[in-house]
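First comes the structure, then the notes that go with it.
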Amino acid sequence: QVQLVESGGGLVQAGGSLRLSCAASGGTFSSYQMGWFRQAPGKEREFVARINWSATRKYYADFAKGRFTISSDNVKNTVYLQMNSLKPEDTAVYYCAAGPVVLVTVRWDYWGQGTQVTVSS
């Protein structure tokens with residue numbers, strides 16, 4: 001049973017930082033892409049960042065470039081999202097996801113339960 005467990009969310013002031021963690025278990029993830037998504041109230045879920053386990057390829061949404069950094073620890077089977085210079089518009093539930101590349105896209109098969117990030121102004 002594949003499990004993704006996020007942690008590290010919380011309340012932070014604008015300009016502050018948070019580091020989210022996603023611990024993966026119950027499967028073989030070496031061939032999977034790992035990603036972070038977020039969903040703000042009343043909005044659709046959106047892509048934040050993605051990484052492969054060897055950390056040779058990273059992709060970011062435009063709003064995340066320069067402020068967020070995704071990384072992975074193969075030994076701990078954990079993916080991180082370091083978020084700096086946080087803004088109130090970053091307030092959302094952040095989700096970790098995993099899945100294989102199918103043709104040219106990622107099929108996000110597995111999702112965590114989400115962790116709340118709230119940025120106060």
Side-chain angles (χ1 to χ4, degrees):
Q1 183 81 6
V2 173
Q3 276 196 315
L4 302 176
V5 180
E6 303 99 332
S7 60
L11 173 64
V12 65
Q13 288 189 332
S17 299
L18 282 174
R19 188 177 82 154
L20 306 183
S21 300
C22 172
S25 63
T28 303
F29 299 95
S30 59
S31 62
Y32 279 15
Q33 299 288 304
M34 301 297 295
W36 286 97
F37 291 75
R38 70 183 188 182
Q39 188 166 19
K43 295 188 177 181
E44 293 188 352
R45 189 173 298 188
E46 62 179 348
F47 169 77
V48 177
R50 166 188 147 197
I51 191 171
N52 59 345
W53 276 108
S54 61
T56 54
R57 297 194 177 197
K58 304 179 183 181
Y59 303 92
Y60 295 93
D62 286 344
F63 66 80
K65 291 176 182 176
R67 297 192 300 129
F68 295 1
T69 302
I70 191 169
S71 61
S72 61
D73 184 327
N74 292 350
V75 175
K76 295 182 179 180
N77 270 2
T78 300
V79 176
Y80 304 96
L81 185 68
Q82 177 68 43
M83 305 187 294
N84 299 327
S85 302
L86 284 163
K87 305 174 182 179
E89 51 264 44
D90 294 318
T91 295
V93 177
Y94 283 71
Y95 297 91
C96 177
V101 174
V102 179
L103 296 178
V104 295
T105 62
V106 181
R107 190 183 70 211
W108 300 106
D109 288 344
Y110 305 104
W111 293 85
Q113 81 288 350
T115 185
Q116 177 70 48
V117 171
T118 303
V119 184
S120 63
S121 56

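- N74 places no side-chain N or O within 3.5 Å of a backbone atom of S54 that could act as its donor or acceptor partner.
- Between the side chain of W36 and the backbone N or O of Y94, no donor-acceptor pair lies under 3.5 Å.
- Counting only residues at least two apart or in different chains, salt bridge (Lys or Arg N to Asp or Glu O under 4.0 Å) contacts with residues 90-102 comprise R38-D90, R67-D90.
- With sequence neighbours excluded, no residue satisfies salt bridge (charged side-chain N to carboxylate O under 4.0 Å, His left out) with D73.
- Proximity of the aromatic rings of W108 and F37 is defined here by a centroid distance below 6.0 angstrom, and this criterion is met.
- In this structure, K87 has no salt bridge (charged side-chain N to carboxylate O under 4.0 Å, His left out) partners at least two apart in sequence or on a different chain.
- With a 4.5 Å cut-off on side-chain heavy atoms, N77 and S25 do not count as touching.
- When hydrophobic clusters are built by joining Ile, Leu, Val, Met, Phe, Trp and Tyr residues whose side-chain heavy atoms come closer than 4.5 Å, directly or via intermediates, Y95 is not grouped with V2.
- Under the 4.5 Å side-chain heavy-atom criterion for grouping Ile, Leu, Val, Met, Phe, Trp and Tyr, L18 is connected to V48 within one hydrophobic cluster.
- Scanning all heavy atoms of the two residues, the minimum distance from A24 to W53 falls at CB-CZ2, 4.5 Å.
- Put simply, F29 and V79 are part of the same group of oily side chains (I, L, V, M, F, W, Y) that touch within less than 4.5 Å, one to the next.
- With sequence neighbours excluded, the residues that form a side-chain hydrogen bond (donor to acceptor under 3.5 Å, both in side chains) with Q82 are N84.
- In this structure, the side chains of F68 and L86 come closer than 4.5 Å at one or more pairs of heavy atoms.
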- Item | Test side-chain contact (heavy atoms from CB on, under 4.5 Å) applied to E6 and L20, step by step | CA-CA 7 Å; E6 303 99 332; L20 306 183; over 6 Å; no
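- Note that the CE atom of M34 and the CG atom of L81 stand 12.0 Å from one another [nearest 0.5 Å].
- Nearest heavy atoms, S21 versus T78: CB-CG2, 4.2 Å.
- Neither F47 nor Y60 shares a network with the other; the hydrophobic side chains, linked directly or stepwise wherever heavy atoms of I, L, V, M, F, W or Y lie under 4.5 Å apart, form separate groups for each.
- Contact record, R57 with N52: N-OD1, 3.0 Å, taken as the closest heavy-atom pair.
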- Task: Using the side-chain contact (heavy atoms from CB on, under 4.5 Å) rule, take S72 and Y80 through it: C-alpha gap first, then chi angles, then the decisive distance, then the call.
- Result: CA-CA 6 Å; S72 61; Y80 304 96; over 6 Å; no
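- Residues satisfying the salt bridge (charged side-chain N to carboxylate O under 4.0 Å, His left out) test with R45, not counting sequence neighbours, are none.
- Other residues, nucleotides and ligands contribute only 12 or fewer heavy atoms inside 6.0 Å of the NZ atom of K76.
- Side-chain atoms of F63 and E89, non-hydrogen and from C-beta on, never get closer than 4.5 Å to each other.
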Cut-off 3.5 Å, no hydrogens considered: what does the side-chain donor-acceptor table look like for residues 114-121, sequence neighbours left out?
{"unit_1": "T115", "atom_1": "OG1", "unit_2": "G9", "atom_2": "N", "d": "3.2"}
{"unit_1": "Q116", "atom_1": "NE2", "unit_2": "A92", "atom_2": "O", "d": "3.4"}
{"unit_1": "Q116", "atom_1": "NE2", "unit_2": "T118", "atom_2": "OG1", "d": "3.3"}

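- No chain of hydrophobic side-chain contacts below 4.5 Å, direct or via other Ile, Leu, Val, Met, Phe, Trp or Tyr residues, connects I70 to V93.
- In this structure, CZ in R50 is found 13.5 Å from NZ in K58, a value given to the nearest 0.5 Å.
- Atom CD of Q3 has 12 or fewer heavy atoms from other residues, nucleotides or ligands within 6.0 Å.
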